[in-house]
Amino acid sequence: MSTTFGKGHHLHLIDGSAFIFRAYHALPPLTRKSDGLPIGAVSGFCNMLQRYVETNTGPDAPTHVAVIFDKGSHTFRNDMYDQYKANREAMPEDLRPQIPLTRQATIAFNIACEEKEGFEADDIIATLAVQARTAGGRCTIISSDKDLMQLVGDGVEMLDAMKNKRIDRDGVFEKFGVYPDRVVDVQALAGDSVDNVPGAPGIGIKTAALLINEYGDLDALLERAGEIKQPKRRETLINHADQIRLSRRLVLLDENTPLDFTLDDLEVREPDADLLMPFLAEMEFRTLTKRIADQLGVTPPAIEDTPATAPDAPEVADIPFDKSGYSKVSTGAELQEWIDRIYERGYVAVDTETTGLNEMTADLVGISLCVEAGQACYIPLIHKAYRGDDLFGSDDLAEGQMPLNDALEMLKPMLEDPSILKIGQNMKYDAKIFAQVGIHVAPIDDTMLMSYAMHGGLHNHGMDALSDRYLGHTPIPIKPLLGSGKSAITFDKVPLEDAVPYAAEDADITLRLWQKFKPMLHRTQVTRVYETLERPLVPVLAQMERTGIKVDRDTLSRMSNAFSQSMAGLEDEIYEMVGRKFNVGSPKQLGEILFDEMGIEGGKKGKTGAYATGADVLEDLATEHELPRRILDWRQLSKLKSTYTDALQEHINPDTGRVHTSYSITGASTGRLASNSPNLQNIPIRTEEGRRIREAFVAEDGKTLVALDYSQIELRILAHIADIEALKQAFRDGQDIHAMTASEMFDVPMENMTPDIRRRAKAINFGVIYGISGFGLARNLRIPRSEAQGFIDRYFERFPGIRTYMDDTKAFAKEHGYVQTLFGRRIHTPNIAAKGPHAGFAARAAINAPIQGTAADVIRRAMVRMPDAIADLPAKMLLQVHDELLFEVEQGAEGALIKAARDVMEGAADPVVKLDVTLNVDAGQGPNWAVAH
DNA sequence: ACGCTCACG
DNA sequence: GACGTACGTGAGCGTA
C-alpha cells in the first residue's frame, strides 16, 4: 500500500467543478422528496462518479485518483487583476446549497477530495500533474477545460469524459494551433471573455497562433512587434503589451501550489459501503442506492417514502417559533461566529431595522441574520439608551452594542461576496439602506418576489401575510413597539429586549419562507419568471430610485400660486351662481346643491346614498348649465395643485435636490410596476395646464432628459396573441392603426377617414384590450348601448381572432385559475368562477392581464438589460412609466444613448418570444420632461 | 378606514 | 329576467 508514487503509477485528476456544472445542466431541477432540498446536481454528480468508478477498471486503471474543487471566490489572480472573472454570472441559487454536498459525495465514494483556499482547482491540478510527471508516472486530467491544455505532454493527457475523447499534444494543437508549451502565449493574446482575461483586442486564437508560430514565443513577439506588417495588428500589440503580459500571468497555472498532502495520499481506495450507503440514502436516491448496493453485495438501506406536501397548502412548521433561539450580537467576536456560520452555509437571511420607511432618509438601526430556522440574531447598532420616565428619550447609545462602523466593516465582505446568497423579504429596501453606507449587497434572493412570481393575483406578498399563510405563524406586531400617531417612536428608541426578538424573528421568518418557496418555484414552473423578470430587477430599480430626478421647486411654487389665484376667481363665480358659500371640494355638498337646491334633473345616487358628481356627470350637465363647467375647471386646478405642484415640493430630497420615487415590484397583479411616495407614473400630460407640470422635471446643468416609449405596445401584443392578420399587417406597413380599424369596420376608405370615425375605432381598440362590453363602450362613446353593441359585433366579424382569444382566455382561466403572459408570468384569477357581478370583473381582468402583463414583461426585460447596454455612456435611467423609460444624459451623448436604449427596448422580447409584430420605440429629448416626451 | 374623484398608462 | 360592468394603478380630500 505505501509505495511511493513513481514509474508505473497512473494518477487521475477529476475537475470537480466541471462535473458539477455538467450534472446541474444535464438534469431537471430535482428536489429531495422529504424537504424539497434541490439535489439535481448532486444526483448527476453521483451518477457520474459511479460511472467513472465502473469504467475505470482493468489494466489501464488508475492507481491514484482525486477530485479537485475550487474554493473561495477570491484567488491570487484577483489580486493581479480585479476584473478577473468579473463577468461570471452568479451561480444559480438552487445549485449553491448543492456544492457542499458534492464534496460529501466524493468522500462517500471513498475518493480523495481536495481544494485549497485562494487557489483555483486548475492550479492544484497543475501542481499534481507536474509532481506526477516529475516522479516518472502518468497523469490523466478528466476535464475538457481548455485552460488545462497547457499541462498536456510528457505523460500528462486530458480526457473529455462526456465525449470519451483523449486529448494529447496533437489534440491541443488542433484546438490552439500550437503545442502545449505555447498555449499560454496564445491565450494571453486571444484573451477569454468567460474569465474576463483581456488579451489583445481584435486578436483571436487563429491570429494569435499565427503570430506565435512566426515569432517563436510571446516575449519574442512583443519585443519585435514593430516588425509586424499589418499596421492595426502592430499598433494593438505595442499599445497593449502590458495588458497581454498581465493576461499571460492570469492564464498561466501555478505549478507550485502549496499542498498539505502528497500524491501517495491519493492512492485508489476500494468503495466503502458503510460510507456510501448512508449518504445515498440521505439524499434519497432510490435507484442509485439500490444499484450500488447490488454491486457491492450489501442490503440497500430503507429510504422512507415521505409523501410530498401539497404544493400550496400551509404546513405546520417543523421547528416551533421560539425566542430562545434568538440572540443579541454585542461584540466583534460574537459577530465573527455568525459570519463563520454564514460561510459554512453559503446563504443567510438578512433584515435591516431603520428609523423610517423612506430608504432615502432612514438610518440603519440594526441588522438581523438567520442561517437556520429558529436560530437568528439581531445586531443593534445605534439604539438609544432607555430611561424609564424620560418621555423624550436620550441621545446616549444603549449599552451592549458594537460600534456601527466595526460591524459594517466585518459584514461588508460577506454581504458583497458573490458566493454568499443574501435572502431578504423585499430586498430592494434593505439593499438601498446598505447602499447608503457603501455596501452593495449581491447576490440576492427575495421571498416577496418569489411569492409574487408564484401567487400573483392570489394575495398580497407582505411578510405578515406570507408568514400567516405559509408558516402558520403570526409575526410579532410592530405597532406595540413603536406606538402610533403623534407618540410613535422610531426603532432606535425601542428597548433592546423588545427589539431583539422582533428583529431576529423577521430574519427567521424570511429564511423559513425561502426554504419553503425554493422548491415551490420549480413545481409551479415560474422559476424563469422569477429569475429573469423579478430578481434581476431589484438592483436596477434600487439604482434608479437612489438616482432620482431633479425637480425645480421654483417652477412648482409659481404654478401653485397661479392655481390658487385661478381657483379663488372660480370660487367667487361659483358662490355667486349658488347664492352662498360652500365647500366646493365636497362632492356631498355639491350634489345636494345641484340636484336638491337647484333642482337639476337626472341626479343619481350611488350605494352610499350620495349623488354622483364625477366628471362624466358634470360634463353631461354642462351642456345645459354653467355651474358644472366651473366646478370641473376648479376641480382640475385643485387636483393639479394639491396632488402635484404642492405635494411634489414636499418630496424634494434636501440632500440631493431630487425626487426619489419608490417602485413597488409586486404592487400590480399584471406585472406592471407601481410608483409611490410620490407616484411619478401619473404626472399630468393630457391637458395643457397639467402638462406644464412636467416642465418642473428637469435635467441637471449640462445634461438632457431623453424619453423613449413603446408605440402602441399593447395593441401590437394583442395583434400577436390573438393572431389578427389585418392588425399585424397594418403594424408591418406602419399604418395608423386606429384609422385602419375604422376603415375596416365602417367601410370608409383610408383617404376619406374623418377624425370622429377614427375616434370611435380608437375607443373600440382600447375597449378590446380591456375586455369590451356594450355597456362600457356605450358609456365611453356616449352612444346608445344598442349602437355600441353593433360596433362590437362588427368588430368581431371583421377580426374573428379577437373573439376566439377572449373565449379561450376565459376558458383557460376557469380551468386553471390563472392566465399567463407570453413570458410565462402567471396572473391568478380567483374570482373567475364567482357568481354575480364579480364574474364579469374577473373575466375582463383575465382578458386584459395577458396583454398588459406581456407588455410589462417586455419593458422589465429591457430594464434588466439596460445598465449593461448603457454602461459606457454618461447616462442614467431615471424613471419607468409602463411603456416609457426616462433617462438623463450628458449633453452630446443623446444620440448614442437613444441608439443603445432603443436597441435594447425594441429587442426586449428576444430571444424568448418571437413576436409577429415589431416593437417600435419613439424617442424625444430636451431640457425638461414636457419637451422630452 | 373608506369612498369619491381624478391623474397616468 | 335583472343586475351592473370597460383594464391596471396612487394620492388627496371629505366624511364617517
Side-chain angles (χ1 to χ4, degrees), chain A residues 456-457 582-591 604-619 631-632 634-648 650-651 661-664 666-687 689-691 693-694 709-715 718 763-781 785 788 792 819 827 829 835-853 855-856 859 879-884 933:
Chain A
F582 71 104
N583 186 347
V584 184
S586 163
K588 183 167 175 282
Q589 293 179 35
L590 177 68
K604 284 204 184 68
K605 289 186 176 178
K607 50 187 162 221
T608 55
Y611 287 111
T613 67
D616 50 346
V617 176
L618 298 187
E619 202 69 52
I631 301 284
L632 284 168
W634 184 91
R635 276 195 184 160
Q636 189 196 8
L637 297 177
S638 167
K639 178 76 174 181
L640 295 178
K641 182 172 186 299
S642 69
T643 309
Y644 300 104
T645 56
D646 285 352
L648 272 175
E650 304 297 313
H651 283 285
T661 185
S662 179
Y663 288 101
S664 163
T666 62
S669 60
T670 53
R672 273 193 179 183
L673 300 179
S675 158
N676 59 52
S677 328
N679 183 352
L680 294 186
Q681 289 181 323
N682 71 346
I683 302 302
I685 194 166
R686 290 174 185 170
T687 67
E689 298 91 323
R691 188 188 176 95
I693 289 173
R694 295 190 173 217
D709 66 286
Y710 284 108
S711 162
Q712 307 283 13
I713 186 169
E714 291 193 354
L715 274 177
L718 172 71
I764 297 167
N765 275 333
F766 279 110
V768 166
I769 292 174
Y770 298 148
I772 200 161
S773 77
F775 183 91
L777 184 64
R779 201 172 66 165
N780 189 286
L781 285 178
R785 196 171 155 175
I792 294 170
V819 292
I827 298 115
T829 57
K835 291 252 186 283
H838 281 310
F841 277 117
R844 289 191 297 273
I847 289 163
N848 173 257
I851 302 165
Q852 188 181 114
I859 198 164
L879 301 178
Q880 188 250 43
V881 192
H882 308 310
D883 63 359
E884 168 186 1
H933 184 86

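Side chains included, hydrogens not; waters and symmetry mates left out as well; all remaining heavy atoms used. Labels below follow one simple rule: chain letters A, B, ... track the order of the sequence lines, proteins then strands, and each chain is numbered from 1.
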### Atom of Ala647(A), atom of Ser642(A) and distance for their closest heavy-atom approach
CB-O, 3.3 Å
Return a table of donor-acceptor pairs under 3.5 angstrom between the side chains of residues 840-850 of chain A and protein atoms on other chains or two or more places apart.
from      : atom 1 : to        : atom 2 : distance (Å)
Asn848(A) : OD1    : Gln852(A) : NE2    : 3.2
Asn848(A) : ND2    : Ile769(A) : O      : 3.0

### Message
From CG of Leu715(A) over to P of dG9(B), roughly how many Å is that when rounded to an integer?
### Response
15 Å
### Task
Kindly indicate whether the side chain of Leu680(A), heavy atoms from C-beta on, has any atom under 4.5 Å from the side chain of His651(A).
no
### Message
I'd like the P distance from dA7(B) over to dA2(C), given in whole Å.
### Response
36 Å
### Query
Looking at DNA chain B, which of residues 668-677 of chain A put a heavy atom within less than 4.0 Å of it?
Arg672(A)
### Query
Which range-with-range stems can be found for DNA chain C when each stem has 3 or more Watson-Crick or G-U pairs in a row and both distances sit under 3.5 Å?
B:1-9 with C:7-15
#### Entry: Nearest-Å distance for atom pair CD/P, residues Gln880(A) and dC8(B)
17 Å
### Task
Mind running side-chain contact (heavy atoms from CB on, under 4.5 Å) on Leu640(A) and Gln636(A) for me, showing each step along the way?
CA-CA 6 Å; Leu640(A) 295 178; Gln636(A) 189 196 8; 4.3 Å; yes
### Query
For Leu590(A) and Tyr611(A), what are the C-alpha separation, side-chain angles and deciding distance, and is it a side-chain contact (heavy atoms from CB on, under 4.5 Å)?
CA-CA 9 Å; Leu590(A) 177 68; Tyr611(A) 287 111; over 6 Å; no
#### Entry: Heavy-atom pair of closest approach, residues Ala612(A) and Val617(A)
O-CG1, 3.7 Å
### Query
Which part of the nucleic acid, if any, lies within reach of Ser773(A) when heavy atoms closer than 4.0 Å are counted: base, sugar-phosphate only, or nothing?
base
### Query
Within the structure shown, what part of the strands sits under 4.0 Å from Gly585(A) by heavy-atom distance: base, sugar-phosphate, or nothing?
sugar-phosphate
### Task
Start with the C-alpha gap between Ile772(A) and Ile764(A), add the side-chain angles, then the distance that decides, and say whether side-chain contact (heavy atoms from CB on, under 4.5 Å) holds.
CA-CA 8 Å; Ile772(A) 200 161; Ile764(A) 297 167; 4.1 Å; yes
#### Entry: Sugar-phosphate only, base, or nothing, as touched by Gln589(A) at under 4.0 Å among non-hydrogen atoms
sugar-phosphate
### Task
Determine, stepwise, if the pair Gln880(A) / Gln681(A) fulfils side-chain contact (heavy atoms from CB on, under 4.5 Å).
CA-CA 7 Å; Gln880(A) 188 250 43; Gln681(A) 289 181 323; 3.0 Å; yes
### Query
Reckon Phe775(A) touches a base, only the sugar-phosphate, or nothing at all at heavy-atom distances under 4.0 Å?
base
## Note on the structure
Smallest heavy-atom separation, Ser664(A) atom then Asn676(A) atom, equals CB-ND2, 4.3 Å
## Note on the structure
When every non-hydrogen atom of Ala763(A) is compared with those of Leu781(A), the smallest separation belongs to CB-CD2, 3.7 Å
### Message
Over all strands shown, is Arg691(A) touching base, sugar-phosphate only, or nothing at heavy-atom distances under 4.0 angstrom?
### Response
nothing
### Message
Run the ring pair (Phe, Tyr, Trp, His ring centres under 6.0 Å) test against Tyr770(A) and tell me which residues pass, sequence neighbours left out.
### Response
none
### Message
From CD1 of Ile851(A) over to C1' of dG9(B), roughly how many Å is that when rounded to an integer?
### Response
14 Å
### Message
Considering every strand and a 4.0 Å limit on heavy-atom distances, what is the contact class for Ala856(A): base, sugar-phosphate, or nothing?
### Response
nothing
### Protein proximity profile, nucleotides 2-7 of chain B - base contact B, sugar-phosphate-only contact S, no contact -, cut-off 4.0 Å on heavy atoms
-SSSBB
### Query
Counting any heavy atom closer than 4.0 Å, what does Ala763(A) reach on the DNA or RNA strands: base, sugar-phosphate only, or nothing?
base
#### Entry: Non-hydrogen atoms of Arg691(A) and Ile685(A) that approach each other most closely
NH1-CG1, 3.6 Å
### Task
Kindly indicate, with the supporting measurements, whether the criterion salt bridge (Lys or Arg N to Asp or Glu O under 4.0 Å) is fulfilled by Arg635(A) and Glu619(A).
CA-CA 12 Å; Arg635(A) 276 195 184 160; Glu619(A) 202 69 52; over 6 Å; no
#### Entry: Distance between C1' atoms of dC2(B) and dA6(C) (Å, rounded)
24 Å
### Task
Quick one: closest heavy-atom pair of Leu879(A) and Tyr663(A), and the distance?
CA-OH, 3.3 Å
### Leading and trailing nucleotides of DNA chain C with any atom under 4.0 Å from heavy atoms of chain A
dG4(C) to dA16(C)
### P-based separation of dC4(B) from dG4(C) [nearest Å]
14 Å
### Query
Which whole number of Å gives the distance between the C1' atom of dC6(B) and that of dC3(C)?
27 Å
